[in-house]
Structure formats: structure tokens, C-alpha cells
Amino acid sequence: YIPKDSSHCIDAVCRLIKRLADNQGHRVLVVDDSASIRQRISALLARQYLTVLEAENGEQALDVVEKTPDISLVITDYDMPKMNGLRLVSALRKRDTECSQAIIGLSGHHDSALTARFLKAGANDYLPKPFNQEEFFCRVHSCLNAIDIEWRLFLLANTDFLTQLCNRRYFFERGEQLATEARKHLAIIDIDYFKRINDEFGHHIGDDVLVEIAQMLADAFPEDTVARLGGEEFCVLSLGDLAVFQQSLDTYRQSVADRPIQVLDQTLKVTVSIGVDSQAASLSRLLHMADKALYQAKASGRNQMVV
Ligand code: GH3
Ligand code: MG
Ligand code: MG
Ligand code: MG
């Protein structure tokens with residue numbers, strides 16, 4: 001329901017949780033310039049049913065993380081050509097993402113200051129080489145548990161429980177960033193006469209309708225940020241082409257109107273009104289202008305879009 005750009009992450013968090021639910025296990029990236037050490041660590045991790053990726057320096061590791069957003073843990077050596085472990089940790093922590101990886105630093109240098117430097121740079125833990133296998137497993141699993149909790153918490157905090165769309169909090173945080181883009185379009189979608197559905201059929205049926213309308217919206221805009229603003233009001237923030245966006249919105253509006261929703265022994269007709277703005281320079285102005293357009297759509301008879 002969120003744009004497919006690796007700089008944000010509900011998508012990645014959802015994938016991770018799905019991976020775990022499907023028992024596919026965590027992905028762990030092992031970074032060391034020594035092939036034999038990489039092999040040894042990878043073999044240990046594979047014994048724990050973890051999926052292992054490898055990189056031979058910091059640069060390569062960043063590349064792998066960029067291409068594989070759902071990596072749970074990075075285990076990195078310190079001394080490596082091109083980019084050492086400390087610089088890798090700093091670079092990973094600077095990435096603009098909500099779903100970070102857990103990191104364990106490793107080094108054959110017996111230097112206690114290095115432990116502190118790894119931790120200060122943002123590593124979760126540190127192990128000197130060579131290490132005891134049991135200790136290694138304990139530290140790996142404690143990192144994986146921590147990242148699992150962090151990601152689940154992020155998902156809980158940023159999705160709407162009923163519809164599973166992004167929630168209002170996520171929308172405002174992410175929207176502020178997206179609104180700085182030169183080209184962006186915002187649509188507010190409001191269900192028409194929704195109160196009547198509640199009054200006539202009860203709140204639980206109203207909830208079912210909300211879920212169905214939300215799912216259709218998410219399916220119609222897989223590349224964009226789709227959120228439930230509140231109540232029976234949704235929004236889509238797009239960085240795509242305006243003409244395509246408007247066409248997709250109108251197709252969505254029509255498909256909602258055409259789709260009878262089955263409730264017990266009755267079929268229910270639902271329509272939505274849509275307000276769009278593309279001109280405003282800030283998120284609050286975009287929302288204000290789209291809301292004005294929405295008001296016009298309502299006033300002109302509903303089941304329509306005003307741009
Ligand atoms: P309009 O066409 O002007 O938008 O009319 P409306 O009835 O859709 O709008 P109004 O704002 O009067 O009513 C919205 C209703 O949405 C009132 C509220 O009880 C209901 N609602 C808000 N959140 C939920 C929810 O989570 N579940 C259910 N079932 N109803 C909700
Ligand atoms: Mg090394
Ligand atoms: Mg309404
Ligand atoms: Mg409303």
C-alpha cells in the first residue's frame with residue numbers, strides 16, 4: 001500500500017513478518033574480507049535455519065542491503081578493504097529507513113576501544129574473533145528477537161487495525177517528506193452517506209464495507225501511499241503522472257459504484273466522492289485544497305471527482 005521505494009519500509013516490515021509467519025526465517029548478511037571466515041560463519045548460521053547472504057567489504061554489503069530490504073541482521077568484520085566495518089555501521093544507520101537491521105561487529109583486534117566504537121556507531125553488539133559458538137548463537141538470537149520486536153512495533157504503530165492501510169500517523173510523517181517533491185498529487189476519498197449504512201445495518205457491517213473499499217483502493221494504487229485518514233475517509237499520495245493518477249481515481253470511483261457489496265441477504269450499493277489537489281506546496285495545503293474539492297464533489301451530487 002506504500003510506494004515501492006526502498007527508502008521507506010512498511011512494505012519491508014510486512015514482508016519480514018510474512019517471511020517469519022511462513023517459517024522462512026530471518027535473512028542474515030555476513031560481511032568479511034576473508035572467504036574462509038565468511039564460510040565458517042555462514043555455516044554456523046545455516047545450522048540455525050537462517051538464510052545467509054555474504055559480502056566481502058562494506059561497499060558490497062551496502063549494495064546487498066539496498067537490493068534486499070528485508071535483511072534482519074548484519075554481522076560485520078572491522079578490517080576490510082574499501083569500506084571497513086565501522087564505516088559500514090555508520091552508513092547503515094544513516095540510511096533513511098524505518099526498518100533498520102540489527103548489527104553485530106566482529107574483529108580479530110583485541111582492542112576494547114573498538115567495542116565502544118562499534119556500539120557508538122550504532123551496532124547492537126560486538127564479538128571478538130575467535131568466538132565461542134554458544135556465545136555467538138546467543139548473541140545472534142538476542143539481536144534477531146530485538147529486531148523482530150522493533151519491526152512489529154513499527155508495523156503496529158503505523159497501520160490501521162481495521163483496514164490494514166497506513167494509518168494517519170504514518171501518512172502525516174511520510175506525507176511531509178513526499179510533499180517536498182516537485183511533482184505530487186493528493187486525493188481524499190470519502191464514502192457517500194456512510195452513516196446510513198451504519199444506521200441501517202449496524203456498525204459491524206459498516207466495518208466490513210470500510211475494509212472492502214480500503215482493499216479496492218490499495219489494489220488500485222499499488223505504487224502510491226494509501227492511508228486511512230480517519231472514519232470513512234481515505235487518501236492517496238502519488239508522485240506519478242497526474243493524468244494517469246486522475247484516470248486511476250476515476251476508474252476506482254466507477255468500480256466502487258459498479259460493485260454490489262453483499263451484506264447478509266441484501267446487496268448494498270456504495271459510492272465515493274473524491275477531491276484532488278496537485279498545486280499546493282505543503283502537505284497541509286494539499287490536504288486543505290483536496291478537502292475543498294471533496295466538499296464540491298459532495299455538494300454537486302456525490303459519486304464524482306473534483307480536481
Ligand atoms: P457524506 O456523504 O456527506 O460523507 O455523509 P456520511 O454519512 O458518509 O458522513 P458523516 O461524516 O455524516 O458520517 C460518517 C460516519 O462514519 C459517522 C461514523 O459513525 C462512521 N464511522 C467512522 N468511523 C467508523 C468505523 O470505524 N466503523 C464504522 N462502522 N463506522 C465509522
Ligand atoms: Mg578483515
Ligand atoms: Mg462520508
Ligand atoms: Mg467523512
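Both backbone and side-chain heavy atoms feed into the values below; hydrogens, waters and symmetry mates do not. Only a predicted model underlies this, so the values are computations on that prediction, with no experimental measurement involved. In listed order, ligands and their atoms are each counted from 1.
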With a 4.0 Å cut-off, would you call [X] and [Y] a salt bridge?
| X | Y | answer |
| --- | --- | --- |
| Arg253 | Asp192 | no |
| Arg38 | Asp32 | no |
| Glu232 | Lys195 | no |

Salt bridge (Lys or Arg N to Asp or Glu O under 4.0 Å) between Arg259 and Glu212: does it pass, once the steps are laid out? CA-CA 10 Å; Arg259 171 135 152 188; Glu212 176 123 3; 2.7 Å; yes
* Is there a donor-acceptor contact under 3.5 Å from the side chain of Trp151 to the main chain of Ser100? -> yes
Q: For the residue pair Ile213 and Ile261, establish whether any side-chain heavy-atom pair is separated by less than 4.5 Å.
A: yes
- Are Arg168 and Phe171 in a cation-pi contact, defined as NZ or CZ under 6.0 Å from the six-membered ring centre and within 45° of the axis? no
Only residue of Val272, Val209, Asp199 satisfying side chain to side chain contact (heavy atoms under 4.5 Å, CB included) with Phe194 is Val209
Indicate if the distance from the Mg ion (ligand 3) to the nearest N, O or S atom of Phe194 falls below 2.8 Å. no
Under 4.0 Å from ligand 1, residues with heavy atoms, in chain and number order, are Asp190, Ile191, Asp192, Tyr193, Phe194, Lys195, Asn198, His203, Gly206, Asp207, Leu210, Arg228, Gly231, Glu232, Lys298, Arg302
The angle formed at the Mg ion (ligand 3) by OE1 of Glu232 and OD1 of Asp190 is about (to 10 degrees) 90°
Excluding water, the protein N, O or S atoms sitting under 2.8 Å from the Mg ion (ligand 2) are Asp33 OD1, Asp77 OD2, Asp79 O
Note: with side-chain heavy atoms under 4.5 Å as the link, the other cluster members for Ile104 come out as Val28, Val30, Ile37, Ile41, Leu44, Leu45, Leu50, Val52, Leu73, Ile75, Leu106, Leu127, Phe131, Phe136, Phe137, Val140, Leu144
Here the ring-ring contact (aromatic ring centres under 6.0 Å, His included) pairs for residues 233-275, sequence neighbours left out, are His185-Phe245, Phe221-Phe245
